[in-house]
Amino acid sequence: MSQGMIYNIQRMSIHDGPGLRTTVFLKGCPLRCLWCSNPESQKTTPQMLYFEAQCTGCGTCKDVCPNDAVIPLGEKFGRDTAKCTDCGLCAESCPTKAREMSGRLMTVEEVMKEVQKDSLFYENSGGGVTFGGGEPTAGGQFFLDMLEAVHNEGFHVTVDTCGFCPAERFDKTIELADLFLFDCKHMDPEQHKKLTGQDNAIILRNMRAALSSGKQVRIRMPLMPNMNDSEENIAAMAEFFKEFDRNEIEIMPCHAFGKSKYLALGKSLPEVSQYTPEQLKVVLERFARHGLNPVIV
Ligand SMILES: C[S@@+](CC[C@H](N)C(=O)[O-])C[C@H]1O[C@@H](n2cnc3c(N)ncnc32)[C@H](O)[C@@H]1O
Ligand code: SF4
Ligand code: SF4
């Protein structure tokens, strides 16, 4: 059976679909959204995260690093990102978990073993399994094998996706999934590329396929100040979704929950701002003007 790179399996999750769920997070994403709150999910390879606040400066990491990548940081020990190869030896030895590896190759059977642990809760709560990421569909054959295994167990399957995925794989995903949490980041191809690194042609194709499939689709929008909240973009969304008689949009106003992970990866922080309540109110009124019903989630 195939293997995939998993960076988290979250049990008893209540925000990723109906009921109590197990969310399987696949590592790897073809997009680079400027605001992404999961920067550790973008690369497909394992990465070491260094959380300075938890470092006591004991120096254990310095002794084990084969690349001289552990460097003094005041009283503590940081890392030289140019020398670090993400080998993970320091994370294994760190007594305070200031150093942690993100990403582990797992087989379908290994993931299923975790998923099965909560099967009773799925039955009692109307829950199931959610695939998130990163971009779960980027997991390729492993992702499809996982979907099939979960589907064959009779568990409810949710896919949290940006929709950037080859058409054939996405159509197979539609067959095996019960619910999509489908992001709509921008309607304009150029703007989409500027904000995420990819244009949206295949995304809109897949969105149409999902919306016409009879499967449940919750349309979600990460709402970013001065990036995708213009009257023009909201009007274009309204026009697109009118065809499918859909007017409810789940809104996720920009947050900065990923800040500590950017720092832990040695990356610079995203240049995005958060709304004040007054600013958000003004933007939400734009949706209503175009016949859309924005629901904050
Ligand atoms: C990390 S993504 C993973 C799923 C998929 N790759 C996607 O983008 O839809 C999970 C959700 O978090 C949202 N998200 C990511 N960064 C965010 C931020 N800074 N503020 C609000 N929502 C954010 C995404 O738009 C997406 O709906
Ligand atoms: S992950 Fe490996 S190379 Fe990087 S600092 Fe730790 S021990 Fe050194
Ligand atoms: S598509 Fe999702 S996981 Fe990928 S960069 Fe954007 S928000 Fe992050």
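Because only heavy atoms are used, hydrogens play no part in the values below, and waters and symmetry mates are left out as well, while side chains stay in. Order of listing sets the numbers, starting from 1, for every ligand and every atom in it.
Close approach of ligand 1 to Pro253 (heavy-atom distance below 4.0 Å) involves ligand atoms 21 (C). Near Asn38, meaning under 4.0 Å from any of its heavy atoms, are these atoms of ligand 1: 1 (C). Counting the atoms of ligand 1 from 1 in the order shown, those under 4.0 Å from a heavy atom of Met252 are 21 (C), 22 (N), 25 (O), 27 (O). Near Met224, meaning under 4.0 Å from one of its heavy atoms, ligand 1 places the atoms 18 (C), 20 (N), 21 (C). When each atom of ligand 1 is checked for a heavy atom of Cys36 under 4.0 Å away, the hits are 16 (N). Near Gly134, with a cut-off below 4.0 Å to any heavy atom, the atoms of ligand 1 are 3 (C), 4 (C), 5 (C), 6 (N). For ligand 1, the atoms closer than 4.0 angstrom to any heavy atom of Glu135 are 5 (C), 6 (N). Per-residue contacts place Gly133 under 4.0 angstrom from the following atoms of ligand 1 (heavy atoms of the residue considered): 1 (C), 3 (C).
Note that atom 12 (O) of ligand 1 has no protein non-hydrogen atoms nearby, at separations under 4.0 angstrom.
Closest non-hydrogen pair, Val150 versus Met112, comes out as CG2-SD, 3.7 Å. Pairing each heavy atom of Pro294 with each of Ile251, the nearest pair is CB-CG1, 3.6 Å.
When atom types are taken as modelled, the side chain of Tyr122 and the backbone of Val115 share a donor-acceptor pair closer than 3.5 angstrom. Here the side chain of Gln3 pairs no donor or acceptor atom with the backbone of Met106 at under 3.5 angstrom. For Gln198 (side chain) and Pro30 (main-chain N/O), a donor-acceptor pair under 3.5 Å exists by modelled atom type. Using modelled atom types, one side-chain atom of Tyr7 and one backbone atom of Gly133 make a donor-acceptor pair closer than 3.5 Å.
Side-chain atoms of His186 and Asn200 include no donor-acceptor pair closer than 3.5 Å. Counted by atom type alone, His290 and Glu239 present zero donor-acceptor pairs between their side chains at under 3.5 Å. Checking His15 against Arg21 by side-chain atom types alone, no donor-acceptor pair falls below 3.5 Å. Judged purely by distance below 3.5 Å, without hydrogens or angles, the side chains of Glu135 and Thr161 pair a donor atom with an acceptor atom. In the model, Lys27 has no side-chain atom that pairs as donor or acceptor with a side-chain atom of Gln42 under 3.5 Å.
The side-chain contact (heavy atoms from CB on, under 4.5 Å) test with Asn233 is passed by exactly one of Gln191, Lys185, Met221, His192: Met221.
Counting heavy atoms under 4.0 Å from ligand 1, residue Leu31 does not touch it at all. With a 4.0 Å heavy-atom cut-off, ligand 1 is reached by the backbone of Cys162 and by its side chain too. Neither the backbone nor the side chain of Arg220 comes within 4.0 Å of ligand 1, counting heavy atoms alone. Contact annotation: for Cys33 versus ligand 1, there are no heavy atoms closer than 4.0 Å.
Judged by the shortest distance from any of its heavy atoms, Cys254 lies inside the 4.0 Å radius around the atoms of ligand 1.
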Between Asp145 and Gln141, is the side-chain hydrogen bond (donor to acceptor under 3.5 Å, both in side chains) condition met? List the steps. CA-CA 6 Å; Asp145 290 346; Gln141 191 54 46; 2.8 Å; yes
Run the numbers on Glu278 and Lys281 for salt bridge (Lys or Arg N to Asp or Glu O under 4.0 Å), then give the verdict. CA-CA 5 Å; Glu278 295 73 26; Lys281 187 167 173 279; over 6 Å; no
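Around ligand 2, the residues contributing at least one heavy atom under 4.0 Å from the ligand are Met48, Cys65, Pro66, Asn67, Ala69, Val70, Cys84, Thr85, Asp86, Cys87, Gly88, Cys90, Arg99.
Summary of contacts: the protein heavy atom closest to atom 27 (O) of ligand 1 is Asp183 OD1, 2.6 Å. At the shortest separation from atom 10 (C) of ligand 1 among protein heavy atoms lies Asp160 OD2, 3.7 Å. Of the protein's non-hydrogen atoms, the one nearest atom 20 (N) of ligand 1 is His255 N, 3.1 Å. Residue, atom and distance of the protein heavy atom nearest to atom 8 (O) of ligand 1 are Lys185 NZ, 2.7 Å. Counting only heavy atoms of the protein, atom 19 (N) of ligand 1 lies nearest to Trp35 O, 2.9 Å. Among all protein heavy atoms, the one lying closest to atom 15 (C) of ligand 1 is Ser37 OG, 3.5 Å.
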I'd like a table of donor-acceptor pairs (distance under 3.5 Å, sequence neighbours excluded) in which one partner is a side-chain atom from residues 59-72, with atom names and distances.
from: Lys62; atom 1: NZ; to: Val70; atom 2: O; distance (Å): 3.4
from: Asn67; atom 1: ND2; to: Thr85; atom 2: OG1; distance (Å): 3.0

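Salt-bridge annotation for Asp171 and Arg205: present, with a side-chain N of the basic residue lying under 4.0 Å from a carboxylate O of the acidic one. With salt bridges taken as basic N to acidic carboxylate O contacts below 4.0 Å, none links Asp183 and Arg220.
Atom CG of Asn152 sits in a crowded spot, with more than 12 heavy atoms from other residues, nucleotides or ligands closer than 6.0 Å.
Note on atom 8 (Fe) of ligand 3: protein N/O/S atoms under 2.8 Å are Cys36 SG.
For Phe180, the ring pair (Phe, Tyr, Trp, His ring centres under 6.0 Å) partners at least two apart in sequence or on another chain are Phe170.
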